[in-house]
K.L.:
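What follows is a single structure, and I will ask about it in a moment.
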Amino acid sequence: MLDIRFIRENADLVKEGARKKHIEVDIDRLLTVDDQRRKLLHESENLKAEKNAASQEIAKLKGDEKGQAIVRMKGVTEKIKDLEARLTEVVDEFNALMLRVPNPPDEEVPEGDDDRDNVEIRRGGILPEFDFEPRDHVELGELLDIIDIPRGVKLAGSRSYILKSEGVLLEYAVLMYALETMVKLGFTPMIVPHLVKDIAMIGTAYFPGGEEQAYTCERDSLYLIGTAEVPVTSYHYDEILDEKDLPLHYCGISPCYRREAGTYGKDTKGLYRIHQFQKVEQVIVCAADPKISAEKHEFITNNSENLVKALELPYRVVLVCGGDLGQPQKRKYDIECWMPSRGNYGETHSSSKFYDFQARRLKLRYRDSEGNVQFCHTLNNTFVATPRILISILECNQQKDGSVVIPEALRKFMGGIEVIEPKK
RNA sequence: GGAGAGGUGACCGAGUCGGCUGAAGGUGCUCGCCUGCUAAGCGAGUGGCGGCCACAAGCUGCUCCAGGGUUCGAAUCCCUGCCUCUCCGCCA
């Protein structure tokens with residue numbers, strides 16, 4: 001969410017930002033509603049002030065005088081009720097519009113419609129070369145008996161899967177390696193609720209707009225998280241932190257659930273786009289300083305880049321274009337790892353900078369050195385998401401017989417296993 | 001799930017036969033004084049959100065879990081919901 005004052009004073013900039021993001025929002029309507037809102041607010045507040053003053057007086061009056069005053073105030077109370085009803089309507093519309101206004105992206109964010117217009121910034125690692133016909137991860141998974149998609153689908157429908165044997169060990173090795181590294185980097189690991197209230201979904205800006213993407217437990221009005229970003233960023237919901245405690249470095253580990261509505265026919269094969277996965281997520285809460293935000297953004301991006309390097313995966317970093325940017329981000333980098341079966345890099349990480357966009361919704365503030373209350377800045381980035389990253393690991397490290405060599409860094413988390421051998 | 005108790009400011013904690021309580025008192029915190037050091041002591045200050053406005057001063061509204069209601073007027077009365085605690089039952 002943006003500051004309404006900022007919107008009032010920079011309407012053109014906000015409109016331009018929405019245009020660049022290809023998000024439709026009626027800023028003029030918002031400004032009109034804002035005017036009405038303030039006008040009604042003013043009127044009703046004046047009446048309330050009158051009412052409050054009169055109430056004080058009445059307490060001191062006696063007899064007839066008192067009776068008359070009470071009758072007089074009845075009328076005022078009615079008027080206030082009337083105004084309040086109108087105000088509520090206007091405020092509802094105002095709030096709904098406010099939640100839709102996108103965060104204007106950084107100037108350097110390239111123009112573009114979708115992920116094809118993202119701009120590559122740098123590459124790392126060496127693409128694997130095979131002197132045999134490489135298998136995709138689905139074939140490898142079957143051969144090694146570590147991935148069972150048909151039975152996953154049988155039990156839970158499309159985009160479901162089962163990991164078994166070394167597949168499970170590999171997934172947990174990835175997670176454990178990630179967790180250990182996060183702690184070394186000074187992040188506080190957190191296990192958070194996977195079911196959250198709407199305040200967390202709205203606060204992190206998944207709602208409104210992303211309702212279709214989330215699984216709902218309607219009976220309890222709870223939502224399954226699509227990422228630990230949601231509960232971790234919401235951790236200090238409605239709190240005022242002390243500037244000296246910032247920046248905060250948290251990392252959440254959690255399963256992630258996504259309905260993948262509207263993606264029918266897209267990435268249907270294998271473990272790329274699935275309903276449930278696990279993730280270690282970096283979250284930073286820092287002071288409201290664009291410079292610090294920018295530094296932290298590079299920091300969390302580098303962290304993930306280093307992880308990918310440690311896993312010996314070829315990757316590239318792209319700067320996400322306007323059209324591929326979500327409502328809340330100022331700027332986003334994706335890290336994409338090489339996936340031989342796709343003949344391309346596939347997104348494995350998403351590194352976002354928000355400024356105070358989420359913090360405003362989350363009432364996440366801090367007291368600065370001068371004693372002023374300010375909204376924090378927030379950032380987050382995938383540290384590792386699995387099993388998607390397993391696609392790269394399996395496919396890039398396969399050998400002619402279908403066996404897969406485990407990256408050095410993961411072995412100690414898999415009981416020393418160096419190679420996963422075919423079972424049949 | 002059954003039976004009770006309760007939700008007040010950063011924290012603890014008064015305040016319910018409605019008005020003078022945005023809220024006593026204490027702690028914490030800030031500033032000043034005092035002080036071989038520390039501790040203690042003395043004085044003053046100390047919520048959040050919003051409107052008018054320059055995000056100043058000032059004026060003003062809201063805020064005692066949330067949402068409704070009664071009333072000229074509610075932290076105080078009524079209803080609903082949420083949460084916490086205790087006992088019992090069940091159970092990973």
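Letters A, B, ... mirror the listed sequences (proteins, then strands); counts begin at 1. All of these numbers come straight from a predicted model, not from anything done at the bench.
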K.L.:
Write down the distance between CG (A:Asp242) and P (B:rC11), rounded to a whole number of angstrom.
P.N.:
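Going from A:Asp242 (CG) to B:rC11 (P), I get 15 Å.
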K.L.:
Would you mind pulling out the nucleotide paired to B:rU80, Watson-Crick or G-U wobble, both distances under 3.5 Å?
P.N.:
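Its partner is B:rA66.
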K.L.:
Just by protein heavy atoms under 4.0 Å, how would nucleotides 47-61 of chain B read 5' to 3' in B, S and -?
P.N.:
-SSBSS--S----SS
K.L.:
Could you check B:rU63 for me: syn (within 90° of 0) or anti?
P.N.:
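Because its glycosidic torsion lies within 90° of 0, B:rU63 adopts the syn conformation.
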K.L.:
Partner of B:rC33 by Watson-Crick or G-U wobble geometry, both contacts under 3.5 Å, or none?
P.N.:
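Pairing partner: B:rG41.
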K.L.:
Could you check whether atom CD of A:Glu298 has more than 12 heavy atoms from other residues, nucleotides or ligands sitting under 6.0 Å from it?
P.N.:
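Yes, the 6.0 Å shell around CD holds more than 12 heavy atoms from other groups.
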K.L.:
Do A:Glu260 and A:Thr263 have side-chain heavy atoms sitting under 4.5 Å apart?
P.N.:
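A side-chain contact under 4.5 Å exists here.
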K.L.:
With a 6.0 Å cut-off (strictly less than), is the heavy-atom count around OH of A:Tyr272, excluding the residue itself, greater than 12?
P.N.:
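More than 12 within 6.0 Å, yes.
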K.L.:
For a quick check of understanding: with a heavy-atom distance under 4.0 Å over all strands, which category does A:Lys363 fall into, base, sugar-phosphate or nothing?
P.N.:
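Nothing: the residue A:Lys363, judged by heavy atoms under 4.0 Å, touches no strand.
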K.L.:
Could you check how far CD1 of A:Ile199 sits from P of B:rC82, rounded to whole Å?
P.N.:
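Distance check: A:Ile199 CD1 to B:rC82 P gives 16 Å.
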K.L.:
In whole angstrom, give me the gap between the P atoms of B:rC64 and B:rG2.
P.N.:
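Rounded to whole Å, the distance is 30 Å.
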K.L.:
Between B:rC52 and B:rA44, how many Å separate the two C1' atoms, rounded to a whole number?
P.N.:
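Going atom to atom, C1' in each nucleotide, I get 31 Å.
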K.L.:
I'd like to know whether the aromatic ring centres of A:Tyr215 and A:His194 sit less than 6.0 Å apart in this structure.
P.N.:
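No, too far apart.
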K.L.:
Under 4.0 angstrom, heavy atoms only, what part of the nucleic acid is A:Lys197 near: base, sugar-phosphate, or nothing?
P.N.:
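No contact.
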K.L.:
What's the gap between B:rA24 and B:rC91 when it is taken at their C1' atoms, as a whole Å value?
P.N.:
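Roughly 47 Å separates the two C1' atoms.
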K.L.:
Ring centroid separation for A:Phe207 and A:Tyr223, is it under 6.0 angstrom?
P.N.:
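Ring centres of A:Tyr223 and A:Phe207 closer than 6.0 Å.
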K.L.:
Taking only the P atom of each, what is the distance from B:rG50 to B:rU63 in whole angstrom?
P.N.:
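Pairwise P distance, B:rG50 against B:rU63, rounds to 16 Å.
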K.L.:
In the structure shown, which nucleotide is the Watson-Crick or G-U wobble counterpart of B:rC87, with both distances under 3.5 Å?
P.N.:
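Answer to the pairing question: B:rG2, which forms a Watson-Crick or G-U pair with B:rC87.
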K.L.:
Taking the P atom in each of B:rA66 and B:rC82, what is the distance between them to the nearest angstrom?
P.N.:
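Roughly 16 Å separates the two P atoms.
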K.L.:
Between A:Tyr250 and A:Phe187, is the ring centroid distance below 6.0 Å?
P.N.:
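Centroid separation for A:Tyr250 and A:Phe187: 6.0 Å or greater.
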K.L.:
Is B:rG28 paired to anything, Watson-Crick or G-U wobble with both distances less than 3.5 Å, and if yes, which nucleotide?
P.N.:
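For B:rG28, the partner nucleotide comes out as B:rU46, under the 3.5 Å rule.
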K.L.:
Flag yes if more than 12 heavy atoms outside A:Lys15 fall under 6.0 Å of its NZ atom; otherwise flag no.
P.N.:
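It does: A:Lys15 NZ has more than 12 such atoms within range.
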K.L.:
Say you pick atom P in B:rU35 and the same atom in B:rA39; how far apart are they, in whole Å?
P.N.:
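Their P atoms lie roughly 16 Å apart.
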K.L.:
Can you tell me the Watson-Crick or wobble partner of B:rC17, both distances under 3.5 angstrom?
P.N.:
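None - no nucleotide pairs with B:rC17, as no candidate has both distances under 3.5 Å.
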K.L.:
According to the Watson-Crick and G-U wobble definitions, with both distances under 3.5 Å, which nucleotide is paired to B:rA75?
P.N.:
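Pair assignment: B:rA75 / none.
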K.L.:
Are any of the side-chain heavy atoms of A:Ile292 and A:His377 separated by less than 4.5 Å?
P.N.:
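Answer no - side chains too far apart.
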K.L.:
Taking only the P atom of each, what is the distance from B:rU16 to B:rC78 in whole angstrom?
P.N.:
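Straight-line distance between the two P atoms is 14 Å.
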K.L.:
How close or far is atom C1' of B:rU71 from atom NZ of A:Lys51, stated in whole angstroms?
P.N.:
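Answer to the nearest Å: 10 Å.
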K.L.:
Without decimals, in angstroms, what is the distance between A:Met73 CE and B:rC72 C1'?
P.N.:
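About 6 Å, once rounded to whole Å.
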K.L.:
In whole angstrom, give me the gap between the P atoms of B:rU21 and B:rA57.
P.N.:
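Rounded to whole Å, the distance is 26 Å.
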